[in-house]
Number of protein chains: 2
Amino acid sequence: MLKLSRKTEYALMALRHLYGKTTEQLTSSKEIAATYRIPGELLAKTLQQLAREGIVETVQGPLGGYRLKVNLEKVSLTDFIELLEGPVALTDCSIDKNCDQLGTCTIRTPIHRINDTMKNVFNNVTLAEVMQ
Amino acid sequence: MLKLSRKTEYALMALRHLYGKTTEQLTSSKEIAATYRIPGELLAKTLQQLAREGIVETVQGPLGGYRLKVNLEKVSLTDFIELLEGPVALTDCSIDKNCDQLGTCTIRTPIHRINDTMKNVFNNVTLAEVMQ
DNA sequence: ACTTATACGACCTCTAAGGTCGGATTAAAC
DNA sequence: GTTTAATCCGACCTTAGAGGTCGTATAAGT
Ligand code: SF4
Ligand code: SF4
């Protein structure tokens with residue numbers, strides 16, 4: 001499985017939309033949602049989250065909307081996914097979480113190795129590259 | 001969050017257990033479950049599934065149990081995960097599944113590129129390597 | 001004032017992961 | 001041949017999270 005969440009996909013499409021625009025130019029959440037047939041309320045919430053995290057900037061009121069804040073070449077896909085979905089890890093033990101098998105597990109070490117490799121793939125992709 | 005399912009982890013631990021034994025030597029599902037504190041019924045079902053898929057061999061009756069059937073160097077991690085969890089893909093469109101955004105999606109192509117890279121990571125790892 | 005946007009939290013629904021249970025089948029051991 | 005210890009198989013339960021909706025507050029341009 002190893003699927004990306006819908007929220008992340010929507011967020012990427014929104015960023016892609018903002019990416020084309022000139023700095024300072026605003027786009028409303030509603031407009032983006034309509035363009036790509038994304039559930040409006042969900043996208044709005046997601047953009048709000050991205051605003052809190054400093055990825056986009058918001059202007060309230062009529063004629064308000066969102067615009068990019070950071071340079072997308074400086075943000076790795078890992079950073080972005082973790083912003084929205086929490087830690088990227090193949091197993092619970094790759095992060096804090098305790099697991100009933102912690103004491104008896106025989107595959108932890110090799111799994112961690114693979115986990116690192118996979119995470120490197122995402123680390124080496126910037127958001128700017130996803131916009132191509 | 002791109003996590004492996006519990007079932008897959010249990011299956012890997014079980015394979016790791018069988019990997020050490022000589023061919024022909026049998027181990028019962030119950031014994032493996034007890035050794036690693038894995039829910040017995042769940043492991044049993046998982047091993048049955050692996051038997052149907054031809055990864056392990058089973059002998060019924062008392063003194064029965066499981067033993068490896070295939071050479072673990074010939075099985076990629078992708079194959080294994082897909083056996084247990086279904087297709088490995090970052091998005092629905094990477095497999096058949098239709099998606100409401102299929103017509104309007106702007107990130108499909110780059111996502112597919114990343115999907116391929118990620119899948120290659122798992123393709124290039126054999127189960128034998130996970131047993132190390 | 002009115003309108004149009006973001007902001008935020010509560011809530012709902014559905015699916016799948018994870019686990020449990022009960023019983024059927026097979027075959028070694030007595 | 002009965003018992004016993006294992007695999008087999010499907011039905012079921014529970015919970016967490018994904019995905020989405022709603023109502024309302026707040027900000028700002030006209
Ligand atoms: S300790 Fe083993 S079973 Fe537990 S999360 Fe880590 S890899 Fe999985
Ligand atoms: S078409 Fe776009 S939104 Fe739909 S699954 Fe593929 S990548 Fe995701």
Whole-Å distance between [N] [atom2] and [X] [atom1]?
X	N	atom1	atom2	value
B/Leu50	D/dC8	CG	C1'	14 Å
B/Glu57	D/dA6	CD	P	19 Å
A/Leu26	D/dA28	CG	P	13 Å
B/Leu4	C/dA17	CG	C1'	13 Å
B/Glu31	D/dT7	CD	C1'	15 Å
B/Arg37	C/dG19	CZ	P	15 Å
A/Leu43	D/dT21	CG	C1'	14 Å
A/Lys3	D/dA18	NZ	C1'	11 Å

Counting heavy atoms from C-beta on, name the nucleotide in [options] closest to the side chain of [X].
X	options	result
A/Leu63	D/dT21, C/dT6, D/dT30	D/dT30
B/Leu42	C/dA5, D/dC9, C/dG18	C/dG18
B/Glu41	C/dT6, C/dG9, C/dT20	C/dT20
A/Tyr66	D/dT7, C/dT20, C/dA7	C/dA7
A/Gln48	C/dA7, D/dA18, D/dA11	C/dA7
A/Pro62	D/dA27, C/dA17, C/dT6	D/dA27

Where is the tightest heavy-atom contact between [X] and [Y], given as atom of each residue plus distance?
X	Y	result
A/Tyr36	B/Gln101	O-CG, 3.3 Å
B/Glu31	B/His17	OE2-NE2, 4.1 Å
B/Leu83	B/Gln49	O-NE2, 3.4 Å

Checklist entry - Are B/Leu68 and B/Val59 connected in a single hydrophobic cluster, I mean Ile/Leu/Val/Met/Phe/Trp/Tyr linked by side-chain heavy atoms less than 4.5 Å apart? => result no
Next on the checklist: If hydrophobic clusters are built from ILVMFWY residues whose side chains come within less than 4.5 Å, do B/Val88 and B/Met1 share one?
Outcome noted: no
Next on the checklist: Over the length of the helix from C/dA1-D/dT30 to C/dC30-D/dG1, how much do the five-pair end axes diverge, rounded to 10 degrees?
Outcome noted: 0°
May I ask you to verify if any side-chain N or O of [X] is less than 4.0 angstrom from the OP1 or OP2 atom of [N]?
X	N	value
A/Arg52	C/dA7	no
A/Thr58	C/dA5	no
A/Tyr10	D/dA18	no

Checklist outcome for this item: Sorted by position of nearest nucleotide on DNA chain C, 5' first, the leading residue of B/Glu85 and B/Lys45 is B/Glu85
Next on the checklist: I want to confirm an ordering. Mapping A/Gly64 and B/Gln60 to their closest nucleotides on DNA chain C, which one lands closer to the 5' end?
Outcome noted: A/Gly64
Next on the checklist: Need to verify one output field. Residue with the more 5' nearest nucleotide on DNA chain D, B/Gly65 or B/Asp100?
Outcome noted: B/Gly65
Checklist entry - Considering heavy-atom distances to DNA chain D, does A/Lys7 or A/Val59 have its closest nucleotide positioned more toward the 5' end? => result A/Lys7
Checklist entry - Should the pair B/Asp92-A/Arg6 be classified as a salt bridge under the 4.0 Å nitrogen-to-oxygen rule? => result yes
Checklist entry - Using 4.0 Å as the upper bound for N to carboxylate O, is an ion pair formed by A/Lys3 and A/Glu9? => result no
Next on the checklist: Is it the case that the side chain of B/Glu57 and the backbone of B/Tyr66 share a donor-acceptor pair, with hydrogens and angles ignored and the cut-off at 3.5 Å?
Outcome noted: no
